[in-house]
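Presented below is the structure to which this report refers.
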Number of protein chains: 2
Amino acid sequence: MPPRTYHHPDPNEIAMPRVLFALSEPLRLNMVRTLAEQGETDSIDLGPDLPRSTLTHHTSLLRESGVVFVRAEGRKCMIKLRDEDLEARFPGLLSTVLNGYENAEDDHGEADA
Amino acid sequence: MPPRTYHHPDPNEIAMPRVLFALSEPLRLNMVRTLAEQGETDSIDLGPDLPRSTLTHHTSLLRESGVVFVRAEGRKCMIKLRDEDLEARFPGLLSTVLNGYENAEDDHGEADA
DNA sequence: CCTATCGTTCGACCTTTCTCGCACGATCAT
DNA sequence: ATGATCGTGCGAGAAAGGTCGAACGATAGG
C-alpha cells in the first residue's frame with residue numbers, strides 16, 4: 001500500500017478567487033504565515049490545539065486551492081508553501097498579503113498622530 | 001429626510017481576511033475590476049443582469065469590508081474603489097490581485113511550450 | 001505482536017453566505 | 001399628482017463552509 005498521496009492542482013489551474021478564499025480565513029491565514037516563516041512544517045505544528053479532523057479540513061482546502069504542497073512522511077504529513085508556483089502565477093500576491101496582514105494586525109482602535 | 005447614508009469602516013479598521021473574502025467571489029472580483037478600470041461607476045453598471053437585491057447584497061459586502069465607497073446620487077448610487085485607503089493599509093494588494101486575476105484568466109487548460 | 005500515535009474519512013450539527021421575490025420610500029419626469 | 005425607476009430591507013429557501021467526535025488504516029517503537 002503506497003503511502004498517502006495527495007492531489008495538487010497544476011500551476012495554471014490555480015485560480016485567484018479560490019486562493020483568496022483560502023486566505024480569507026484567519027485560521028488558514030495564520031497557517032500560511034507560519035509556513036512563510038518556517039518553511040516546510042509538520043502539519044500538527046500548524047494547529048496544535050485543533051482537533052485533527054479540523055486541521056485536515058483546513059490543510060486540504062489550502063492544498064486544493066493550490067496554496068500549499070502536502071507530503072506524507074511516516075505517520076505525519078509535512079506542509080510547505082507553493083511559493084514559487086504562486087509567484088509565477090500571481091506575482092507578488094503572497095508577500096503582499098502577508099506583509100499587509102503583519103503590519104495591520106496591531107492597529108484596530110488606536111489610530112492617532 | 002436626508003438622502004441615504006452608508007457606513008464605511010475607518011481605514012485602520014479594514015481587516016485583511018475580510019478584504020480577501022470580499023475579493024474571493026468572482027462576481028465581486030469582477031465588480032472590483034470594473035471599478036479599477038472605470039473609476040466611480042453607477043452601481044447598476046456593475047451588474048446589469050443581476051436582481052437588484054442581489055446587487056445590493058454584494059455592494060454592501062464590498063462596502064462593509066472597506067473595499068469600496070458608496071454614495072447616493074439621486075435615485076442611483078455611485079460606487080468607487082477605496083484605492084488610496086487600501087494602498088495605505090495593504091500596500092500593493094489591490095493591484096497585485098487585479099493584475100494576477102487579469103493575467104491568469106485566460107489560461108486554464110492550455111499549458112504548453 | 002501489541003499499543004500508541006497520526007492523518008483521513010464520514011456523518012451530524014450549526015452558522016454563514018447566496019439568491020431572489022416582494023413591498024416600501026425616495027427620486028425624477030411628465 | 002401620476003407613474004416609472006432605483007436602492008433597500010425583509011424573509012424564505014438553498015447552498016456552502018466550519019467544527020468536531022468516532023471509527024478506520026497506516027506507521028513507528030517496544
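Throughout, protein chains are lettered first and strands after them, A, B, ... in sequence-line order, and every chain is numbered starting at 1. No experiment lies behind these values; they were computed from the predicted model shown.
Per the geometry, OH belonging to A:Tyr6 stands 11 Å off C1' belonging to D:dA26, to the nearest Å. Across the protein-nucleic acid pair, B:Arg75 atom CZ and C:dT27 atom P stand 11 Å apart, rounded to whole Å. The distance between atom NZ of B:Lys76 and atom C1' of C:dG25, rounded to the nearest whole Å, is 19 Å. A straight line from CG of B:Leu55 to P of C:dC22 spans 19 Å, rounded to a whole angstrom. Atom C1' of nucleotide D:dG18 and atom NE2 of A:His58 are separated by 6 Å, given to the nearest angstrom. Atom NE2 of A:His57 is separated from atom P of C:dG11 by 17 Å (rounded to the nearest Å). Between the CZ atom of B:Arg71 and the P atom of D:dC6 there is a distance of 17 Å, given to the nearest Å. Rounding to whole angstrom units, NE2 of residue B:His7 and C1' of D:dT8 are separated by 18 Å.
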Using the rule given for salt bridge (charged side-chain N to carboxylate O under 4.0 Å, His left out), can you reason through A:Glu87 versus A:Arg89, listing the C-alpha separation, both sets of side-chain angles and the distance that settles it, and then say yes or no? CA-CA 5 Å; A:Glu87 184 62 25; A:Arg89 182 99 171 132; over 6 Å; no
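Contacts with DNA chain D (heavy atom under 4.0 Å) in residues 25-37 of chain B: none are found. Across residues 40-50 of chain A, not one residue has a non-hydrogen atom less than 4.0 Å from an atom of DNA chain D.
Axis angle, first five pairs versus last five pairs of the helix from C:dC1-D:dG30 to C:dT30-D:dA1: 30°, rounded to 10°.
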May I have the list of side-chain donor-acceptor pairs in residues 19-36 of chain A shorter than 3.5 Å, sequence neighbours left out?
{"residue": "A:Ser24", "atom": "OG", "partner": "A:Phe21", "partner atom": "O", "Å": "2.7"}
{"residue": "A:Arg28", "atom": "NE", "partner": "A:Ala22", "partner atom": "O", "Å": "2.8"}
{"residue": "A:Arg28", "atom": "NH1", "partner": "A:His58", "partner atom": "ND1", "Å": "3.2"}
{"residue": "A:Arg28", "atom": "NH2", "partner": "A:Phe21", "partner atom": "O", "Å": "3.4"}
{"residue": "A:Asn30", "atom": "OD1", "partner": "A:Arg33", "partner atom": "NH2", "Å": "2.8"}
{"residue": "A:Asn30", "atom": "OD1", "partner": "A:Tyr101", "partner atom": "OH", "Å": "3.2"}
{"residue": "A:Asn30", "atom": "ND2", "partner": "A:Pro26", "partner atom": "O", "Å": "3.1"}
{"residue": "A:Arg33", "atom": "NE", "partner": "A:Glu102", "partner atom": "OE2", "Å": "3.4"}
{"residue": "A:Thr34", "atom": "OG1", "partner": "A:Asn30", "partner atom": "O", "Å": "3.0"}

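Residues B:Tyr6 and B:Met78 are members of separate hydrophobic clusters, defined by side-chain heavy-atom contacts under 4.5 angstrom among Ile, Leu, Val, Met, Phe, Trp and Tyr.
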Short N/O separations, protein against nucleotides 9-16 of chain D, under 3.5 angstrom:
none

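When A:Thr59, A:Val70, A:Leu55 are each tested for a side-chain contact (heavy atoms from CB on, under 4.5 Å) with A:Cys77, only one passes: A:Val70.
Annotation: side chain to side chain donor-acceptor pair (under 3.5 Å) contacts of A:Arg52 (sequence neighbours excluded): none.
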